[in-house]
Trainee: 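Mind looking over this structure? Questions follow.
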Amino acid sequence: MASSKNLFARAKKIIPSGINSPVRYYTPYPFFVKKAEGSMMWDVDGKNYIDYCNAYGALLLGHRRKEIISDVTKQMKKGTLYCAPTEIEVDLSELIYRNFPSMNKIRLVNTGSEATMTAIRLARGFTKKKKIIKFEGCYHGAHDYVLVKAGSGVAHIGMSVSEGSLDEVSKNTLVVQYNNSEELQSLLEKEKDVAAVIVEPVLANMGLVLPKKNFLRDVRKITSENNLVLIFDEVVTGFRMSTGGAQKYFSIKPDITTLGKSLGNGFPIAAVGGKSEIMDMLSPEGKVYQASTYAGNPVSVSAGVSSVKTMNKLKSKLYPKLEKNCTKLVSAIHDLASDMKIQHQINSISSMFQIFFTNKPVVNYSSAKKADMVKFKKLFEVLLKNGVFIAPSQFETVFLSYAHSEDDMGKTITAYENALKAVK
Ligand SMILES: Cc1ncc(COP(=O)(O)O)c(C=O)c1O
């Protein structure tokens, strides 16, 4: 079989930058995957990795979770795309509603980007207002409405607005600092044409940044007082922080929610849902348009039904295990870095964490950007050499899955020890 090096050389000739999504690229070339199972990935060069990228958080249950593979296989024997309604679409929507009671009505889509794009269009249609407000460093997908001062790959590359995005669109996306509800409040005193505020309740695209104590509550209060639609982008946090996502974890009810990633545990499916009076604006009965050939395709929907049922069935073990392992890793890494006198911060919550090489707390985009990126790059490279794969960017998050074992924890701590020694 070809090596990663050779495959990358071939890929670069036919795929721009050799990869199909920007953060997958790192120097000199990324490893090419042969297969994955549980917590592990194997590459074509014969090496294996404990996976903490976890498909950027999508694989809450790990690779190839048996119930999901079995249900999807059964569905594939019955057909893969009908573009006509199925019972399992209703089942999945009802299951989502039972877990997210704020999502009174739901449309199933394919990606998180489609979900946030639809949520924003709905908010504009509902309020008849034009502008939206997002928070600096939050990433809501790769479309023009939200590709302004975004996190994830955009921050990694150091881009503020993508070339090719329309100024006419991006000027209607106003940006305030995460964790700064006063700035939101004062912006709204000046701006009257605002339809919605969209937020990642826990910012997982700037490394990991946690909401300060009253931040989300204040955002809810301000949006209600100003009659704005509050969109919780739970593409990462939905099902990951609890079966009811961050909104259950923090007890805050948004008007619209977007889900993705863990909803399908490795299959392309996402959802947008919220108050009936807003969701009923969707066509054909309403006047806000949304459509997709693959939306509600039975393969992804069967993965969604299987994922949600499995997460619900396992929940009393799932969330405690994820949190226990995450706490274990974080405290071990913190102790190691402290013993080596490496300036650092680790932000963590439920099954997510990230280390920043800085002596100041990381609470927003500007504090995250002050962390030492050269050290992070070194950390990534040595972790990889030691068989631990995290996302290759400071502006991403380390995600645990239910498949990580005690043995994985021990090996991961040793790998971080070696990586921190190299960073020192
Ligand atoms: C919070 C958040 N919203 C939306 C998206 C976009 O989702 P997708 O990549 O499925 O389009 C992402 C992707 O990482 C995300 O992290």
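As the structure lists them, so they are numbered: ligands from 1, and atoms in each ligand from 1. Everything quoted here is computed from the prediction, not taken from an experiment.
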Trainee: In ligand 1, which numbered atoms sit nearer than 4.0 Å to a non-hydrogen atom of Val235?
Mentor: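 Counting from 1, the qualifying ligand atoms are 2 (C), 3 (N), 4 (C), 5 (C), 12 (C), 15 (C).
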Trainee: Please list, in number order, the atoms of ligand 1 under 4.0 Å from a heavy atom of Gly112.
Mentor: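 It comes down to these atoms of ligand 1: 6 (C), 7 (O), 8 (P), 10 (O), 11 (O).
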Trainee: For ligand 1, which part of Thr258 has a heavy atom less than 4.0 Å away: the side chain, the backbone, both, or neither?
Mentor: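 It is neither part, as no heavy atom is under 4.0 Å.
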Trainee: Which of the atoms of ligand 1 are close to Gly141, meaning less than 4.0 Å from one of its heavy atoms?
Mentor: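 What qualifies from ligand 1 is 4 (C), 5 (C), 6 (C).
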Trainee: Do Ser113 and ligand 1 have an N or O pair less than 3.5 Å apart?
Mentor: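 Checking ligand 1 against Ser113, an N or O pair does fall under 3.5 Å apart.
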Trainee: Strictly below 4.0 Å, N to O, side chains only: are Glu225 and Lys221 in salt-bridge contact?
Mentor: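 Salt bridge between Glu225 and Lys221, a charged N being under 4.0 Å from a carboxylate O: yes.
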Trainee: Should the pair Asp218-Lys213 be classified as a salt bridge under the 4.0 Å nitrogen-to-oxygen rule?
Mentor: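 No, this pair does not count.
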Trainee: In this structure, is the centre-to-centre distance between the rings of Tyr139 and Phe395 below 6.0 Å?
Mentor: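 Between Phe395 and Tyr139, the centre distance exceeds or equals 6.0 Å.
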Trainee: Within ligand 1, which atoms have a heavy atom of Asn205 less than 4.0 Å away?
Mentor: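 Heavy-atom distances to Asn205 below 4.0 Å select 1 (C), 15 (C), 16 (O).
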Trainee: Taking atom types as modelled and ignoring hydrogens, do the side chains of His63 and Ser39 form a donor-acceptor contact shorter than 3.5 angstrom?
Mentor: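 There is no such pair between these side chains.
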Trainee: Is it true that Glu234 and Arg240 make a salt bridge, defined as a side-chain N closer than 4.0 Å to a carboxylate O?
Mentor: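 Between Arg240 and Glu234 there is no salt bridge, as every charged N stays at least 4.0 Å from the carboxylate O atoms.
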Trainee: Can an N or O of Val236 be found at a distance shorter than 3.5 Å from an N or O of ligand 1?
Mentor: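 In this structure, Val236 places no N or O atom under 3.5 Å from an N or O of ligand 1.
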Trainee: Is there a donor-acceptor contact under 3.5 Å linking the side chains of Arg121 and Gln290?
Mentor: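 Per modelled atom types, Arg121 and Gln290 side chains form no pair under 3.5 Å.
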Trainee: For ligand 1, which is the ligand I care about here, please tell me if Asp233 has any N or O atom under 3.5 Å from one of the ligand's N or O atoms.
Mentor: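 Yes, since at least one N or O of Asp233 sits under 3.5 Å from an N or O of ligand 1.
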Trainee: Could you tell me which atoms of ligand 1, counted from 1 in the order shown, lie closer than 4.0 angstrom to a heavy atom of Thr111?
Mentor: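 Near Thr111, meaning under 4.0 Å from one of its heavy atoms, ligand 1 has 10 (O), 11 (O).
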Trainee: Any carboxylate oxygen within less than 4.0 angstrom of a Lys/Arg side-chain nitrogen, looking at Lys34 and Asp43?
Mentor: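 A salt bridge is absent here (no side-chain N lies under 4.0 Å from a carboxylate O).
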Trainee: Can you tell which of Tyr56, Tyr139, Phe232 gets a heavy atom nearest to atom 2 (C) of ligand 1?
Mentor: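 The nearest heavy atom belongs to Tyr139.
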Trainee: Lys261 to ligand 1: N or O pair under 3.5 Å?
Mentor: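 There is such a contact, yes.
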Trainee: When you look for heavy atoms under 4.0 Å from ligand 1, do you find them on the side chain of Glu200, its backbone, both, or neither?
Mentor: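 Just the side chain.
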Trainee: side-chain contact (heavy atoms from CB on, under 4.5 Å), that's the test. Do Ile333 and Phe353 meet it? Break it down for me.
Mentor: CA-CA 11 Å; Ile333 296 165; Phe353 76 90; 3.7 Å; yes
